[in-house]
Structure formats: structure tokens, C-alpha cells
Amino acid sequence: MTEPALLPRILVTNDDGIHAPGLKVLERIARHLAREVWVCAPEVEQSGAGHSLTLRRPLRLRTLAKRRFAVDGTPTDCVLLAIKVAMRGKPPTLVLSGVNRGANLGEDVTYSGTIAAAMEATLLGVPAVALSLEATSGQDPDWHCPEHLAPALLRRLLAVGWPDSVLLNVNFPNRRPAEVTGVAVTRQGRRKLGEQIEGRIDTRGEHYYWIGPVRAEEGDPAGTDLEAIREGKVSITPLHLDLTHPATAARLASALS
Ligand code: MN
């Protein structure tokens, strides 16, 4: 059997920061798929940064090694500076974001810096996949699952392809690769962060608040990313960057005409 053709260039980024274990896992995954692997990731963790862009202060693009950079900004800043500056004239064929420590399911996708990096790449015309690994609190996730399953899965997804305004949100269950029960193409479920807000008092007697990880799940989970991960499957959700809701647009247009 001949080896599958390698892509010219993959850009790897994340929101957990340049030192995150999941970034190293994703670099190894990318090396199976491309001749050149470029890395550009935030200097410090940016989980929950969403699709934010740094506009009110300058950004530093720090060169760490050949094809390896850190930015003192958000995941969106990283993708923008990587493609427009560091990789200028040598655009990536694919952007991979992750592997995030913790799943990005349901409404997590609207807060996630991991997803936002893939959004930014998509907006710049580069196909992108966000990868996340389910993590139970207080427990170190088992990185073997994405490491072993992602290369073949990404090859299959690339062979099928997806439209320009779409990115893929891939979540891995926190179990051994052999214990994964399948791959499911899913829709985005409903699970909202912000259920747990702890009010405490600091060392100077002032109040502070800390948003905890507890989420409220609602709606029918059938066919969702949430259900797939609960069943031990790898979840693949195609996300569309056009947030327009056509049914409501049609209803408003006819009501207002
Ligand atoms: Mn993160």
C-alpha cells in the first residue's frame, strides 16, 4: 500500500497556550499529515476567549524555533498573525486547533478559543478543524485517544471535504482508543455554562466571583455532540459561520412587508 500524500503545510494552534500538552499531541498528529508543521499559539492560556481580537494594544509575535511562534494575544490573533505575517506567501493548507483540554460541546462553541481559531482560519479561506478531548474535573485526560485516532480520521474528512464557510468541531471521549464505540456526525446540543458562580471574599475583605464548570443541559439530546460523547463516540459537528436563521428571516420579511 502506498503512503497517503502529505499536505504541504499545516498550521497548529490552540487556546490552552504554547506549553499545553494537547498542543504537542496535535503537532504529532499534524506530522502524519503534512510535510511542514507550523505552530503559532498564545503565550498563556486563553480558554473562554471566544473569537476576540486584540485591538487596543500592540501584539508581539515571538519566534521560538523554526516554524514555531507564540503571540501575547488570543487564538484569533495567533491565526491572523501566523497566516498574514509568519507564513506570508506560504499559506497553510489546513489549520488544526487544539487538542483542547476539555470538550467543546453545545454552547461551549460560542465561548471557545479553540473553535474561534478554526473560525478565523475559515474566514481567511483556509479549511480548519477544531479538536477537543473530554476531561473530567480533577482528572488528567488520556491523550492517547486523539493521538491514535485523529490522523486517519482527519485523512478521511479531508478526502470528503467541506464548504468554505464551514469548520469541523471534533470531540474525543476520554477513554482508551480501543474503548471508543464509533464516530458520529452530530448537531450542536444545548448545554450552557454559568450555572455555578461562586461568590467569595478575598484577602482584603473584598467580594469576588468565580465562574465554575457546572453547565445546564436542556432540550432533546438525540443526535447531538453531547449524546455522542456520553456514548463514548468521537463527535464531528460541522459548524456554519453564517449565523443567519433563514426561517426567522423569512417570517420577519413577510410580517414587515
Ligand atoms: Mn482551552
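Here the structure is a predicted model, which is why all the values come from computation and not from measurement. Numbering of ligands and ligand atoms starts at 1, following listing order. Just so it is clear, the values below take in all heavy atoms, side chains as well, and ignore hydrogens, waters and symmetry mates.
The nearest N, O or S atom of D15 is closer to the Mn ion (ligand 1) than 2.8 Å. Under 2.8 Å from the Mn ion (ligand 1) lies an N/O/S atom of S47, whether from backbone or side chain. The nearest N, O or S atom of N100 is closer to the Mn ion (ligand 1) than 2.8 Å.
Ion pairing between D72 and R62 fails under the 4.0 Å rule for side-chain N and carboxylate O. Using a cutoff of 4.0 Å between basic side-chain nitrogens and carboxylate oxygens, K192 and E107 are not scored as salt-bridged. A salt bridge links R230 with E217; the closest basic N to acidic carboxylate O contact falls under 4.0 Å.
Within D16, the N/O/S atom positioned nearest the Mn ion (ligand 1) carries the name OD1.
Judged by distance alone, the side chains of S112 and N100 never bring a donor and an acceptor atom under 3.5 Å apart.
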